[in-house]
Amino acid sequence: MKHKRLLSVFLAAATALSLTSCSGDGGSSADSTAESTAPAGDTSVVETPADTGVAESGWKFGQVAMGGGGFVSGVFATSQEGLYYARTDVGGAYRYNSDTQLWESLSYGISEDDQGFLGVAALAFGEKDPNRLYMLVGTSYLSGGRTALFRSDDYGSTFTRTELPDFRVDGNGMGRGNGERLAVDPKNSDIIYAGFMSSGGMIKSTDGGATYTILDLGTDTLTSNQNGICSIVIDPNSGDDSSCSTIYAAISRKGDYNIYKSTDAGATWAPVEDAPQGLMVQRMKYNGDGKIVITYADAEGPWNNNRSSGGIRMLNMADDTFTDITPKKQAYGDVVIDPNDPNRMAACSENVYVPQPTGAFGDEFYTTTDGGKTWTLLNDTMTFSANGVDWLSTTSMHWCSSMAIDPNNTDRIMVVSGNGIYACDNIWNAAPEFYFFAKGVEETVPFELVSIPGGELVTVIGDYDGFSQESAEVYGKVHSSIAGSMTGVAVAAANTDVWVKCGGDNKTNGFWYTLDRGETWEQAKKSPLSTGPAHGGSVAVSADGSTFYWVPENGGYVFWSDDQGKSWNQSEGGMNAKRLIADQVNPEYVYAASGSSFYYSSDRGKTFTSNKELSVFASTRPVAVPGVEGKIYFPAMGLQVSTDHGETFTRIDTVSNCQMVGVGKGKTDDSPCTLFIWGQPTSDQPVGLYWSEDEGATWERINDDAHQFGGTGNGKFVYGDMNKYGRVYMSSLGLGVIYGDLIESE
């Protein structure tokens, strides 16, 4: 099999771009100066083999099957049959593979330093050449808030990156479902226009983003909601060539002009004076008949808009007049138009909560066949299928900020949601059938994982509690508690029917347990804190399942309970502990780590003793080895190992940098556990995934530069599978749980 690798190329220095005037009305804006700007920062080709997921090392990667779980902020259908794209707020971009009927990530190659580029704020592609793909990426609170323009000529398998140091987008910011703030000229896919969020501003490039020119719209495009320019549409029928294109750009604001127009490819601009100023544009779509259909809400969304304020307008580009075609006064996310019949449209609300077929509350859907004169509400007649992902049968389609219609099958639409993508193949029917259509999109944020020897894979995640499943490839069962975001989970090593977990918020006590392997969960009603509910943090359970341990996020101490959480006792020692693990053999021992110390207890957590010899600089995760009493691996000053319950540690001198460590099944029953780390065996090796089959004597790299996944994200864990030799799991920022398999072991 041919392996792909990271390649670097250098682009020539930019030459100044010039904007030419077109005949006709060029607008009434002030003098529009075109400032030529060359790209700064890294410009490189990053290969991401989404079609195979195979690294050069011979490891094959995928994402644990949970089913959606995060906000897909944009979905797109192309002129090529079966080719769809999607963008997410924290999980990168995806391309649909019609052969496998799965979405495949285009963002495996994002490095830990560049993890902010997993926030995709805009996506666009060539209408005539949909292999040409562009993305605006960046996240305000990650990677220094850096923003970049990604370009691909091969459907997203490889990208050329141009960093934009003077501009900012936020793929996870408010207004992230608006769009698209990136537009490709329909006559020439080298010409693109991009608008920005928290920096404001708009640029044009005529060479696919390698160089660009700053455009002056004659108004301040930096908005108070940090959403800037939120949508750009190019009239495909304007001008004889791209130098005379008509362009509309929407600015995310109220109380002032918020749609601007250029008839000379961005050289000059003028406000569209009749555009509603009391509402904010969400999305704009060309209808194929000289008009633009615009959805409105009173805020940028996806969740802060007033549900009873908004609408849909039709803009006639011939005279810039508006027609109100609103089905019902409320916030609207998007609209799609049949490319063969502009009178047929489907629309969705945004952040409106009404009953849907599952019984859950979500957005409304409408269709019209007469250009918006009359609309049909679908919620009372439509049906829904979870499509094999059972836990979704009680969820809704909500935050519906983006829709797409398939130009090759105009009965088919797709719509985004806060938990994935949904599709409908008979949207014009009286009873349209929606179904979950995000298989392969895994945008959950994982916080902890347990691979039970001889048992299931158990996870806890943000927003949707967690799952248990037989294997990574098969959709599992959501925890029956469905208690929101969870931060910790543990399983009793010698009594694997007993699990504990923690999470929640500051409103109720955040500790749950199950005595029947996750079939039913009980919430501990008693808080260990005298000041109110405890939540979050880390948990452990003794090997025999009789003692529960919890260090709440808002607690500062370790607490233990021997009556299933009916009462709690504060441990002595273990101050400011952040991570807990129990010995996997001896139920008397439990261990804790803080940002400065490692602690061990030999009396079921009643007292903890600090290891005075070990300096700890972060509250990293210690790991207890299954089946071996007292053996612990701990990332501190490299990688440490203890065989005496943590009283002493020995440094493994083959590791210079270890951020996370995990253990997995050995090759044979007589083999030692495999070790996995996220770090570096030597300082001249790249930070990444490594494994050892000889207890750390030697190490091999598992991943490569095309499989970095943005690093270990919020969960910050790396674990081996305890049932399958040569399988590793790692947390990610927004790609769910990544798993890798050694191909030779299959």
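Source: prediction; values computed, not measured. When a residue number appears, it is its place in the shown sequence, counting from 1.
The side chain to side chain donor-acceptor pair (under 3.5 Å) search around D425 returns R412, Y435, not counting sequence neighbours. Checked against side chain to side chain donor-acceptor pair (under 3.5 Å), D411 has no partners two or more places apart in sequence or in another chain. Under the rule for a side chain to side chain donor-acceptor pair (under 3.5 Å), S98 has no partner lying at least two apart in sequence or in another chain. For D669, the salt bridge (charged side-chain N to carboxylate O under 4.0 Å, His left out) partners two or more places apart in sequence, or in a different chain, are K665. Partners of D406 under the salt bridge (charged side-chain N to carboxylate O under 4.0 Å, His left out) rule, at least two apart in sequence or in another chain, do not exist in this structure. Partners of Y84 under the ring-ring contact (aromatic ring centres under 6.0 Å, His included) rule, at least two apart in sequence or in another chain, are Y96. Looking at residues two or more places apart in sequence or on another chain, you find no salt bridge (charged side-chain N to carboxylate O under 4.0 Å, His left out) involving D721. By the salt bridge (charged side-chain N to carboxylate O under 4.0 Å, His left out) test, E470 pairs with no residue at all, sequence neighbours left out. By the side chain to side chain donor-acceptor pair (under 3.5 Å) test, Q680 is found to be paired with N657, residues two or more places apart in sequence or in another chain being considered.
For the atom pair CD1 of I738 and OG of S732, the computed distance is 5.0 Å after rounding to the nearest 0.5 Å. The OH atom of Y690 sits 10.5 Å away from atom OG of S57, with the distance rounded to the nearest 0.5 Å.
With salt bridges taken as basic N to acidic carboxylate O contacts below 4.0 Å, one links E448 and R621.
Closest non-hydrogen pair, I677 versus C658, comes out as CG2-SG, 3.8 Å. For S107 against G92, the heavy-atom pair with the smallest separation is OG-CA, 3.2 Å.
Sorted by first and then second residue, the salt bridge (Lys or Arg N to Asp or Glu O under 4.0 Å) pairs involving residues 471-489 (not counting sequence neighbours) are E473-R727, K477-E519.
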Give the table of side-chain donor-acceptor pairs shorter than 3.5 Å for residues 382-392, with sequence neighbours excluded, one pair per line with atom names and distance.
residue	atom	partner	partner atom	Å
S385	OG	N387	N	3.1
N387	ND2	F436	O	2.9
W391	NE1	M66	O	2.8

Below 3.5 Å, can you tabulate the donor-acceptor pairs from side chains in residues 453-461 to any protein atom, sequence neighbours excluded?
residue	atom	partner	partner atom	Å
E456	OE1	R517	NE	2.9
E456	OE1	R517	NH2	3.3
E456	OE2	R517	NE	3.0
T459	OG1	F467	N	3.4
T459	OG1	F467	O	3.4

